[in-house]
Number of protein chains: 4
Amino acid sequence: MTTQQRRPSSSRRSEASRQAILTAAFELVGEVGYAKLSIEGIAARAGVGKQTIYRWWPSKGAVLFDAFLALSAGPDEQQGLPDTGDLEADLKLVLRSTVVELNDPRYDEPMRALTTEILHDPALAASYTERLDAPMKELKKQRLRSAQQAGQLRTDLDLDLAVDLLWGPLLNRWLLRSGPLTEQYADTLVETTLAGLRPQRRDVEA
Amino acid sequence: MTTQQRRPSSSRRSEASRQAILTAAFELVGEVGYAKLSIEGIAARAGVGKQTIYRWWPSKGAVLFDAFLALSAGPDEQQGLPDTGDLEADLKLVLRSTVVELNDPRYDEPMRALTTEILHDPALAASYTERLDAPMKELKKQRLRSAQQAGQLRTDLDLDLAVDLLWGPLLNRWLLRSGPLTEQYADTLVETTLAGLRPQRRDVEA
Amino acid sequence: MTTQQRRPSSSRRSEASRQAILTAAFELVGEVGYAKLSIEGIAARAGVGKQTIYRWWPSKGAVLFDAFLALSAGPDEQQGLPDTGDLEADLKLVLRSTVVELNDPRYDEPMRALTTEILHDPALAASYTERLDAPMKELKKQRLRSAQQAGQLRTDLDLDLAVDLLWGPLLNRWLLRSGPLTEQYADTLVETTLAGLRPQRRDVEA
Amino acid sequence: MTTQQRRPSSSRRSEASRQAILTAAFELVGEVGYAKLSIEGIAARAGVGKQTIYRWWPSKGAVLFDAFLALSAGPDEQQGLPDTGDLEADLKLVLRSTVVELNDPRYDEPMRALTTEILHDPALAASYTERLDAPMKELKKQRLRSAQQAGQLRTDLDLDLAVDLLWGPLLNRWLLRSGPLTEQYADTLVETTLAGLRPQRRDVEA
DNA sequence: TATTAAGCGAGACGGTACGTCGGGTCTTAGG
DNA sequence: CCTAAGACCCGACGTACCGTCTCGCTTAATA
């Protein structure tokens, strides 16, 4: 079913303008960078009056956020993570592709821009967490839950935390450029982290 | 010996102005927030001409960075992490205090501001990694190395990665506000992560 | 009839701002002098954004010029010179009042300022000649033409030149302060100059 | 006698710097125009510290003025006006050459610049009148006096005024560009003005 | 079917800050 | 003590955008 026709908001709202704005925002931020992204520029590129932006979005970050929403709501982003039964291999696959995406200049700048807005706007951060991050996280947790049920992860493991442990270091390295963001890094990260998440007979200590 | 021969750069440079600028920058960003932090404002607060800032710093981020440098070079930030022999307890202590600091509004805004600048300026990111992050990371690695030598960590463990695993999720949660940043979270994070870093007899999976 | 269809330029232009700017410019130049007259100051005094000035005027001089235009277009500056039939007396009257005006500090500074801008901007000079000077000159020439028709001036006299001869020395003395600018000077000037402009029976030299 | 070695002022003063500054000022004003003439630029062009200018001159105009002084004190500017016995011809010759000079772009900008400074600085105006204008005027008056003694000018004529009548309109037309400044204009000016200065038997009136 | 009222593109407006230029003062080092 | 050099505080430059505010025009929903 999924009727889903969101965002009437007002029946008079121009869908063409909305699309033009989101597209212009995403393209512009990739071309000129976050620092030089301006509402004025977005309006000009979209062929739209500034007021049309101010009427429907509270901030530049909100526009950017919606631009991302439109993107990820796009084709078919919603399928789950691969599940071959081999958790480590599956995770490596996913994290490697995350690395590739983060290194792709087409996404790097826009994502940094969105991140910046989120950094300084708790409301936007909440939106992000709820609308973009949570769905993704749910997919990740599903894969981990599957592994947990297969006895490949500790039964008392907090899956939210597990997701943090796997993706947090990756995102952090990307954001701060604290080191090269390679597929090799993704692999090692998965291996080392998983080691602590698996059921264990006993440690050396205790 | 070599005490004190600081920042000559130019023999004519006014140390008083430099200090005033860095102080003003740090205070202002805490008061008005990143979005409203302006070079004009810093100059006014510092009682300094704008040109004096433009003369010595290439960007607003660079000023902010130096302000942090001056702070951490300050009193005695350089002692190592606690080492009681109990790695888990020591790490919990440190991460908990990190949590407290990140939650402190006096540091939250300034650090977000600096992070934002780093996000969009690779040169600044490199400076950050080298001048601020690396020394801190070295202290953390020292503590882990000590544990490793005590047989509390796997001998083949990459300590750089280990630091990432411990601090990455924390910073990520702070930056993106993807969840409450509590001492409880720090504890769980340490426990779970350490589980994978310790020497292990064997897994369930062979 | 054609009353009043003034300055459309753009239907969106704010007439209130325009007036405020011209008034502020004229007042300010009188108060602070030409050297310290700034667009910034005019905008501030007028309660207007700087851009509103830059949008409609190409230079500080153009603003000043318009301020003068607005003034002279004001009340009823347009009536002709007095014509009692006694040319010498009428001219003395007019030149004396010119002297008084040039000595009036309320007009001295503004007129020096405008003159300075005209000095260095040929386009502005052309505007001045056409819009301010020409109308005034026409009135002066009318009075001389009347005298000419009454047989009080040589019939072959170039009236443009005659106006130059009468007002040129006065303005020059005012501008360069090459000597005291008194009503006595105006009188002598008129007397001496007129002597050469009248029809003459014969000279000493044949 | 006229020993004349002016301007010691201080025995330590560098004559080389002084010359370099005056030369730089005159050249620069011709190249970049009055509006963009800066003390900074003069100092740079002269290879001199700004302070050296501020130490010895009270204003930009004073530098410019001295630059002109140096020029006119130069070769042999001081000989009198031609005196062939034919006053009208002699005056036409002189005014025509004035016209040529005022139209020469090498002198036009610098003289406009100096005039501007004089316009707004009474002290400078006094200097100008005394040091540059008065000597020139004396030469002009000498020629007129000669004519007066030859019976070519009225005996009661104020020679100062006569000079004003002849040169005032010319300068005024040059400064304000109120019309083309041609040799033809100079001729007509001389002819018409002289007509009023000559001894007269009687007018039509009275 | 006409009337209205909202949304729209456009862009002027009062502002703030930008990054630069030059003003005039002061300090340093060298002759 | 004068000089070249140049840092300093300050104020203004002319530009870019901010977010708000009309302007007419188009267009969809109501009357």
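In what follows, every chain begins at residue 1, and chains take the letters A, B, ... in the order their sequences are listed.
For the helix from dT1(E)-dA31(F) to dG31(E)-dC1(F), the rotation axes defined at the first and last 5 base pairs enclose an angle of 10°, given to the nearest 10°.
Salt bridge present: Arg18(A) and Glu15(A) bring a charged side-chain N and a carboxylate O closer than 4.0 Å.
For the pair Gln19(A) CD and dC8(E) P, the interatomic distance rounds to 13 Å; values are reported in whole Å. The separation between Arg45(A) atom CZ and dG9(E) atom P is 16 Å, rounded to whole Å. Between the C1' atom of dA12(E) and the CH2 atom of Trp57(C) lies a distance of 13 Å, rounded to the nearest Å. Counting to the nearest Å, the C1' atom of dA4(F) and the CD1 atom of Ile21(D) are 11 Å from each other. dC18(E) atom C1' lies 13 Å from atom CD1 of Ile42(B), rounded to whole Å. Rounded to whole Å, atom P of dA10(E) lies 12 Å from atom CD1 of Ile53(A). Look at CZ on Arg13(B): it is 16 Å from P on dT28(E), rounded to the nearest Å.
Distances shorter than 4.0 Å separate none of the side-chain N or O atoms of Thr52(D) from OP1 or OP2 on dC2(F). Within the 4.0 Å cut-off from OP1 or OP2 of dT3(F), at least one side-chain nitrogen or oxygen of Trp56(D) is found. One finds a side-chain N or O of Arg55(B) lying less than 4.0 angstrom from the OP1 or OP2 phosphate oxygen of dC8(F). An OP1 or OP2 oxygen of dA4(F) is reached within less than 4.0 angstrom by a side-chain nitrogen or oxygen of Ser17(D).
Checked by distance alone, Lys50(C) brings a side-chain donor or acceptor within 3.5 Å of a matching partner on the base of dG14(F).
Which of dG24(E), dC8(E), dC13(E) sits closest to the side chain of Tyr54(D) comes down to dG24(E). When the nucleotides dT3(F), dG15(E), dC8(E) are ranked by their closest atom to the side chain of Gln51(C), dG15(E) comes out on top. Distance from the side chain of Arg12(B) is smallest to dA7(F) among dC18(E), dC9(F), dA7(F).
Geometric assessment of Arg13(D) against the ring of Trp57(D) yields a positive cation-pi assignment under the 6.0 Å and 45° thresholds.
Within the 3.5 Å criterion, the main-chain N or O of Val48(B) finds no donor-acceptor partner in the side chain of Thr52(B).
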Could you give me the CA-CA distance, side-chain angles and deciding distance for Phe26(D) and Val63(D), then say whether side chain to side chain contact (heavy atoms under 4.5 Å, CB included) is met? CA-CA 9 Å; Phe26(D) 190 83; Val63(D) 177; over 6 Å; no
>> Using the rule given for salt bridge (charged side-chain N to carboxylate O under 4.0 Å, His left out), can you reason through Glu31(C) versus Arg45(C), listing the C-alpha separation, both sets of side-chain angles and the distance that settles it, and then say yes or no?
In response: CA-CA 12 Å; Glu31(C) 292 173 23; Arg45(C) 158 83 74 124; 2.5 Å; yes
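Other residues, nucleotides and ligands contribute only 12 or fewer heavy atoms inside 6.0 Å of the CZ atom of Arg106(C).
A heavy-atom distance below 4.5 Å is not found between the side chains of Leu22(A) and Leu71(A).
Contact check of residues 34-41 of chain A against DNA chain F (heavy atom, cut-off under 4.0 Å) returns Ser38(A), Ile39(A), Glu40(A).
Taking the six-membered ring where tryptophan is involved, the planes of Phe65(D) and Tyr128(D) are perpendicular, since the angle between them exceeds 60° and thus also 30°. Relative ring orientation between His120(B) and Tyr34(A) is described as parallel, the plane-to-plane angle staying below 30° on a 0-90° scale split at 30° and 60°.
Where Gly49(D) and Lys60(C) each meet DNA chain F at their nearest nucleotide, the meeting point lying more 5' is that of Gly49(D).
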Please output the side-chain donor-acceptor pairs of residues 35-43 of chain A that fall under 3.5 Å, not counting sequence neighbours, one pair per line with the distance.
unit_1	atom_1	unit_2	atom_2	d
Ser38(A)	OG	Gly41(A)	N	2.9
Glu40(A)	OE1	Lys50(A)	NZ	3.3

